[in-house]
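Report on one structure; see the data block that follows.
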Amino acid sequence: MHIGDLMAESGVGFGTSGARGLADRMTDWVCYAYTLGFLSYLEQIEAWSPGSDVGLGGDLRPSTPRIMTACARAVRDKGGRPIDLGFIPSPAVAAYGFERSIPTLMVTGSHIPDDRNGIKFNLPTGEILKPDEAGIRAQSIVRPEGLFDAGGAFIQDQSGVRSASDDSALDAYVERYLDFFPRDCLKGLRIGVYEHSSVAREPYVAVLSGLGAEVTRLGRSEVFVPVDTEAVRPEDQALAREWAASGRFDALVSADGDGDRPLIADERGQWLRGDVAGVLCARRLGIQALATPVSSNTVVERCNAFQAVRRTRIGSPFVIEGMQHLIDEGFESVAGYEANGGFLLASALRNADGGILRALPTRDAVLVAVAILLDAVERDRPVSALAADLPPRFTHSDRLKNVPTEISRARLAALRTGRLQHDKAAIEAEFGAAFGPVATLDDTDGLRITFDSGEILHLRPSGNAPELRAYAEADSAERAEAMTRIALDTLAV
């Protein structure tokens with residue numbers, strides 16, 4: 001059957017970053033088939049051949065080991081050699097593959113609850129983009145007889161197909177930062193690492209302590225915790241304030257489940273918004289040109305720190321395309337970031353001693369934390385003061401959970417018919433009492449509404465989960481949060 005048909009049948013389809021779905025729908029057969037489809041596509045474009053390696057990594061949710069086993073069996077049956085990289089961050093898996101010019105897979109559902117999971121696919125040269133997804137969906141796969149039962153589970157135990165875990169990917173990821181940043185550059189800082197169930201917890205501790213910081217482990221969990229860096233849970237906000245109130249920390253750091261989206265809190269326990277963290281990181285690294293989704297804070301343009309800013313649709317594939325356009329335009333240092341805080345480095349960077357930080361064009365959390373903390377040290381200012389230096393523009397986001405994508409799309413379609421005056425009137429009927437008249441509309445990704453006041457409301461279905469997301473931007477944090485709440489309350493009716 002075609003992979004596209006299997007995606008429709010199973011409900012496990014491509015989102016903004018890889019395939020995602022309910023864990024019980026990601027049967028051994030579905031994950032096996034998707035891996036075969038991925039490798040068949042790579043064969044077709046001459047990017048991989050049987051006999052070659054394929055790297056496999058995963059996060060810490062309960063279904064991940066089973067899915068990694070199904071993927072490893074598919075690699076073996078396709079004639080490849082599965083290299084088990086263990087439970088490590090997505091950017092560490094990707095970097096391992098890019099360095100060796102081999103494809104990699106990361107089994108992760110990122111920030112979503114552990115009743116769901118997913119598979120991220122990386123080409124030997126970078127993340128899969130939208131044309132690659134179409135190529136994978138078009139592959140035709142034969143289901144092997146006698147390997148799976150009627151429900152899609154392996155008939156016999158397959159645990160032996162996974163090789164012994166190779167620690168070199170994690171080691172190289174840690175060394176990437178220890179080799180580039182100055183020795184003891186974070187000395188004197190007291191950092192709390194909110195570990196929860198993120199695979200970034202060990203590399204965070206290794207990198208930050210290796211650069212001289214005093215590190216304290218906090219909040220470790222053996223149960224998966226769905227930390228979302230775009231919509232930080234009230235309990236995670238409360239934890240940060242509690243830890244900060246002790247006076248023991250200059251900053252707190254964390255990440256989502258697969259370690260590609262950072263969370264950085266200042267000395268007061270206030271988590272920085274991801275799109276502010278992205279600006280601070282890029283400014284410290286001396287980036288010339290940035291690609292970022294249309295949902296990101298407009299402070300990136302208002303701060304006048306960058307020669308060019310290219311706006312894209314939401315999702316790392318679109319940010320990567322935007323970065324490539326900037327490289328083609330001749331900029332020497334190019335990066336991208338998303339509103340979730342994930343930072344993508346498109347160009348290699350060189351430090352004062354001639355050391356090189358290689359490009360890593362996939363979302364990364366550790367680089368953001370190190371760059372912001374180092375900036376605070378070099379400026380001799382608290383982390384809170386770094387964000388205060390930026391123009392006063394604040395964003396907030398949240399989502400309605402368990403809203404099927406088709407319902408979200410239908411809800412927005414009523415406000416986005418393409419008839420400008422009609423759409424403005426419809427939006428003002430819904431939101432005008434709270435936000436005032438509509439100035440402009442942008443349908444680059446979802447519906448982004450700028451009001452006459454300058455306030456912005458952006459609505460879109462999630463690309464990874466059955467959620468309707470709302471993003472708001474205003475001149476105060478309180479107003480942005482209130483806008484998000486009003487918008488979701490309105491849409492929930």
Quick check for you: to the nearest 0.5 Å, what is the distance between [X] atom [atom1] and [Y] atom [atom2]?
X    : Y    : atom1 : atom2 : answer
F343 : L290 : CZ    : CG    : 6.0 Å
L390 : C303 : CG    : SG    : 6.0 Å
F87  : M68  : CZ    : CE    : 5.0 Å
L252 : R241 : CG    : CZ    : 12.0 Å
R283 : D389 : CZ    : CG    : 5.5 Å
S90  : K120 : OG    : NZ    : 3.5 Å

Yes or no on side chain to side chain contact (heavy atoms under 4.5 Å, CB included) for L386 and R379, after CA distance, side-chain angles and deciding distance? CA-CA 9 Å; L386 302 181; R379 293 171 182 260; 3.5 Å; yes

With no hydrogens and no angle check, do the side chains of [X] and [Y] hold a donor and an acceptor under 3.5 Å apart?
X    : Y    : answer
D364 : Y337 : no
S316 : E127 : yes
T444 : R313 : no
S197 : E222 : no
D59  : T64  : yes

Has the side chain of [X] got a donor or acceptor atom that lies under 3.5 Å from a matching backbone atom of [Y]?
X    : Y    : value
Y194 : G219 : no
S397 : E230 : yes
S333 : Q288 : yes
D256 : G259 : yes
R61  : V107 : no
D28  : A70  : no
N297 : R393 : yes
R190 : G247 : yes

Test salt bridge (charged side-chain N to carboxylate O under 4.0 Å, His left out) applied to R411 - qualifying residues, sequence neighbours left out: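 Only E430 meet the salt bridge (charged side-chain N to carboxylate O under 4.0 Å, His left out) criterion with R411.
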
Could you list the residues that satisfy salt bridge (charged side-chain N to carboxylate O under 4.0 Å, His left out) with E195, not counting sequence neighbours?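 In terms of salt bridge (charged side-chain N to carboxylate O under 4.0 Å, His left out), with neighbours along the sequence ignored, E195 is linked to R217, R220.
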
Any side-chain heavy atom of V319 within less than 4.5 Å of one from R310?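 Not touching, per the 4.5 Å side-chain cut-off.
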
Determine whether more than 12 heavy atoms belonging to other residues, nucleotides or ligands lie under 6.0 Å from atom CD of E329.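 Check passes, neighbour count above 12.
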
Taking only Lys NZ, Arg NE, NH1 and NH2, and the carboxylate oxygens of Asp or Glu, determine whether D24 and R116 approach each other closer than 4.0 Å.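 Salt bridge absent between D24 and R116.
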
List the steps and the verdict of salt bridge (Lys or Arg N to Asp or Glu O under 4.0 Å) for E473 and R479. CA-CA 8 Å; E473 182 174 327; R479 176 58 177 169; over 6 Å; no

Apply the test salt bridge (Lys or Arg N to Asp or Glu O under 4.0 Å) to residues D442 and R448: give CA-CA distance (whole Å), side-chain angles for both, the deciding distance (0.1 Å), then the verdict. CA-CA 5 Å; D442 185 336; R448 187 171 177 85; 5.5 Å; no

Audit row: S63, N117, side-chain hydrogen bond (donor to acceptor under 3.5 Å, both in side chains) steps and yes/no: CA-CA 7 Å; S63 59; N117 212 327; 2.8 Å; yes

Verdict with supporting geometry, Y96 and L85, side chain to side chain contact (heavy atoms under 4.5 Å, CB included): CA-CA 9 Å; Y96 179 91; L85 305 178; 3.8 Å; yes

What's the shortest heavy-atom distance between F180 and R350, and which atoms?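 In this case the closest contact between F180 and R350 is CE1-C, 4.0 Å.
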
Under 30°, 30 to 60°, or over 60°: which ring-plane class applies to Y173 and Y177, parallel, tilted or perpendicular?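 Y173 vs Y177 ring planes: perpendicular.
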
What do the steps show when you test R469 against D228 for salt bridge (Lys or Arg N to Asp or Glu O under 4.0 Å), and what is the final call? CA-CA 12 Å; R469 286 190 172 267; D228 186 344; 2.9 Å; yes

Assert yes or no for the condition that the ring centre distance of F394 to H396 is strictly below 6.0 Å.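 Between H396 and F394, which both carry aromatic rings, the centre distance is not below 6.0 Å.
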
